[in-house]
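Structure first, commentary second.
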2 protein chains.
Amino acid sequence: MTSFKTDAKQDRHVGIKSAGNGAHKAAIRQENEEQILAAAEQVFADYGFKGATTARIAEMANVPKANVHYYFSTKEVIYRRIMEDVCDHWLQAAMTFDNSADPAVILRGYIEAKMDLSRARPYGSRLWAHEIIRGAKFSSDYISTTVKDWLDSRVVVIKGWIAEGKMDDIEPYSLMYMIFATTQHYADFGRQIEIFNDNRPLSEEQFAEAKENVVRIILKGVGLR
Amino acid sequence: MTSFKTDAKQDRHVGIKSAGNGAHKAAIRQENEEQILAAAEQVFADYGFKGATTARIAEMANVPKANVHYYFSTKEVIYRRIMEDVCDHWLQAAMTFDNSADPAVILRGYIEAKMDLSRARPYGSRLWAHEIIRGAKFSSDYISTTVKDWLDSRVVVIKGWIAEGKMDDIEPYSLMYMIFATTQHYADFGRQIEIFNDNRPLSEEQFAEAKENVVRIILKGVGLR
DNA sequence: TTTTAACCTGACCAAACGGTCAAGATAAAT
DNA sequence: ATTTATCTTGACCGTTTGGTCAGGTTAAAA
């Protein structure tokens with residue numbers, strides 16, 4: 001971990017200096033900010049907003065604590081930045097809704113994208129879970145505008161499918177909540193799943209099977225395919 | 001809140017004193033412990049283990065902070081107590097598995113019981129979510145023994161149904177995780193659902209409809225009924 | 001009535017907290 | 001070569017933290 005970071009820094013030191021034009025300083029900044037954000041995502045996931053400490057973020061990012069505050073004024077700024085970034089990725093996972101293809105294809109694509117995000121970025125998902133569990137104190141505005149608009153537009157699409165008789169008459173919100181819950185469970189409750197799985201993280205094969213099961217149950221459950 | 005507590009205390013003061021035999025002191029103890037546990041459940045749900053403060057628990061329980069430590073030696077003791085109590089209730093919700101009735105009836109009963117617990121005790125669910133998200137540091141032993149045994153025995157039952165051709169060939173763990181995730185989502189992400197629902201908590205009717213939708217999608221999804 | 005055991009609590013403490021700052025190091029611009 | 005702007009960091013500060021404790025009150029037992 002430590003050696004990785006040091007190496008990367010030195011690589012850049014050598015590789016970019018010749019490019020001149022202040023690129024080195026810019027690279028240092030980018031490198032450090034990324035390092036801090038990545039560390040913070042993990043620490044916030046583990047301890048929540050209040051429980052996370054800047055000292056621990058600094059330690060995990062391999063920078064002195066004062067340096068964390070050089071790049072980010074407060075703990076809250078870091079937290080908000082990660083929070084919105086995670087949610088933006090989720091919203092983009094529903095791009096499949098936009099091309100008006102077969103509902104089963106659209107829903108499958110969305111569920112699979114969501115599962116993949118849980119696998120690829122579990123800390124971000126867990127940070128979001130913390131945020132909502134504690135009452136969405138920082139994010140209620142964002143949710144009631146951006147996220148709600150996004151959700152409502154998908155609900156309209158689903159209602160269209162129902163009206164056309166393409167799927168069962170299911171309350172669309174219930175369906176979307178089920179997709180949120182189930183896909184994010186594989187990140188948020190990953191530790192619990194790991195314990196049930198004889199204390200081993202799900203293998204690629206196991207995860208792929210889980211993903212396929214989730215898709216199958218939900219699609220069939222709403223009368224698609 | 002305050003008046004409720006004071007009244008209750010005085011009621012007991014009058015009502016039980018005549019019973020004699022140290023019942024009053026015992027009643028005081030029980031009353032205070034319950035008050036503290038109820039307050040702690042909420043505070044832990046809101047802030048997680050590290051973020052929760054004994055001062056806030058005390059304030060919410062309407063007792064001086066020192067009194068919290070008179071009844072419970074440490075914050076951790078309170079936390080563990082609530083945690084296991086919540087999980088025990090969940091395990092009992094799967095009692096329906098024991099009478100060998102129709103799979104659809106059993107699964108419906110379990111899902112409905114789980115939904116009802118999310119509605120009745122959201123803070124407990126959120127405390128558990130915190131605990132797992134941060135890595136199940138206090139509960140991994142409990143999960144890998146008691147809870148795992150419980151889960152595995154239900155998985156056996158489901159595999160039996162599959163073998164008898166009563167339902168689709170679904171990986172039972174995927175199904176159980178989906179039930180965990182979806183039912184607990186209504187507690188853990190209750191604030192998010194509330195925001196989507198025009199900033200109003202789900203009414204009894206809305207919740208009942210959600211419950212029925214969850215049951216329908218999952219039962220049909222696994223080929224039951 | 002006296003004694004005893006349980007309950008109550010303001011005041012306190014060492015440790016940990018988020019954030020600041022001055023002073024030094026480094027690299028870009030002049 | 002010198003100035004300027006950015007990056008780095010140990011030391012520090014006021015506040016909050018979980019937990020303690022001595023000295024009090026109250027109710028049960030003797």
Side-chain angles (χ1 to χ4, degrees), chain A residues 5-6 8-10 12-36 39-40 43-44 46-80 138, chain B residues 5-6 9-10 12-36 39-40 43-44 46-81 138:
Chain A
K5 186 219 162 188
T6 309
K9 223 174 186 176
Q10 286 173 348
R12 210 150 279 180
H13 192 75
V14 173
I16 296 193
K17 197 187 224 168
S18 53
N21 216 24
H24 186 204
K25 278 267 158 91
I28 287 177
R29 170 167 279 270
Q30 193 190 336
E31 162 97 16
N32 280 333
E33 287 186 352
E34 282 172 7
Q35 206 89 23
I36 292 165
V43 175
F44 281 128
D46 282 343
Y47 298 103
F49 178 72
K50 277 203 72 178
T53 69
T54 55
R56 197 172 182 82
I57 292 170
E59 186 194 359
M60 192 154 270
N62 270 301
V63 297
K65 195 182 69 163
N67 217 349
V68 171
H69 283 99
Y70 173 73
Y71 284 105
F72 300 96
S73 54
T74 65
K75 189 168 90 160
E76 186 180 325
V77 163
I78 306 178
Y79 182 85
R80 296 187 105 107
F138 290 150
Chain B
K5 186 215 161 191
T6 309
K9 223 173 185 175
Q10 286 174 349
R12 211 152 276 178
H13 192 74
V14 173
I16 297 194
K17 198 185 220 166
S18 52
N21 217 26
H24 187 204
K25 277 270 158 88
I28 287 177
R29 171 167 279 269
Q30 192 190 337
E31 162 96 15
N32 280 334
E33 287 186 352
E34 282 172 6
Q35 206 89 24
I36 292 166
V43 176
F44 281 129
D46 282 342
Y47 299 102
F49 177 72
K50 278 204 72 180
T53 70
T54 54
R56 197 171 183 82
I57 292 171
E59 184 194 359
M60 193 155 269
N62 270 302
V63 297
K65 196 182 69 162
N67 216 350
V68 171
H69 284 99
Y70 174 74
Y71 284 105
F72 300 96
S73 53
T74 64
K75 189 168 90 162
E76 185 179 327
V77 164
I78 306 177
Y79 182 85
R80 297 186 104 105
R81 167 102 163 242
F138 290 150

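Enclosure of atom CZ in R56(A) is not indicated, since only 12 or fewer non-hydrogen atoms of other residues, nucleotides or ligands lie within 6.0 angstrom.
In terms of heavy-atom proximity, V68(B) sits nearest to I36(B) at CA-CD1, 4.0 Å.
Protein atom CD1 of I36(A) is 14 Å distant from nucleotide atom C1' of dG19(C), rounded to whole Å. For the pair E31(A) CD and dT6(D) C1', the interatomic distance rounds to 17 Å; values are reported in whole Å. Residue I78(B) contributes atom CD1, which lies 15 Å from atom C1' of dT17(D) at whole-angstrom precision. The separation between E59(A) atom CD and dA16(C) atom P is 13 Å, rounded to whole Å. Going from atom CD of E33(A) over to atom P of dT6(D) covers 14 Å, rounded to whole Å. Atom CZ of F72(B) and atom C1' of dG18(D) are 16 Å apart (whole Å).
Checked by atom type and distance alone, the side chain of K75(A) pairs as donor or acceptor with a backbone atom of A52(A) at under 3.5 Å.
If you take CG on N67(A) and CG on N62(A), they are separated by 11.5 Å, rounding to the nearest 0.5 Å. Rounding to the nearest 0.5 angstrom, the gap separating the CD atom in Q35(B) from the CD1 atom in I57(B) is 13.0 Å. Distance check, rounded to the nearest 0.5 Å: CZ of R81(B) to CZ of F72(B) gives 5.0 Å.
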Distances for protein N or O near nucleotides 19-22 of chain D N or O, under 3.5 Å:
{"residue": "dG19(D)", "atom": "OP2", "partner": "H69(B)", "partner atom": "NE2", "Å": "3.4"}
{"residue": "dG19(D)", "atom": "OP2", "partner": "K75(B)", "partner atom": "N", "Å": "2.9"}
{"residue": "dG19(D)", "atom": "N7", "partner": "K65(B)", "partner atom": "NZ", "Å": "3.2"}
{"residue": "dG19(D)", "atom": "O6", "partner": "K65(B)", "partner atom": "NZ", "Å": "2.6"}

Please produce a list of atom pairs where a protein N or O lies less than 3.5 Å from an N or O of nucleotides 3-7 of chain C.
{"residue": "dC7(C)", "atom": "OP1", "partner": "R29(B)", "partner atom": "NE", "Å": "3.1"}
{"residue": "dC7(C)", "atom": "OP2", "partner": "R29(B)", "partner atom": "NH2", "Å": "2.9"}
{"residue": "dC7(C)", "atom": "OP2", "partner": "Y70(B)", "partner atom": "OH", "Å": "2.4"}
{"residue": "dC7(C)", "atom": "O5'", "partner": "Y70(B)", "partner atom": "OH", "Å": "3.2"}

Residue pair T53(B), K50(A): steps toward the side chain to side chain contact (heavy atoms under 4.5 Å, CB included) verdict = CA-CA 10 Å; T53(B) 70; K50(A) 277 203 72 178; 4.0 Å; yes

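Ring pair F44(B)/F49(B) is parallel by interplanar angle, where below 30° counts as parallel and above 60° as perpendicular.
Heavy atoms of A52(A) sit under 4.0 angstrom from primed sugar atoms or phosphate atoms, though from no base atom.
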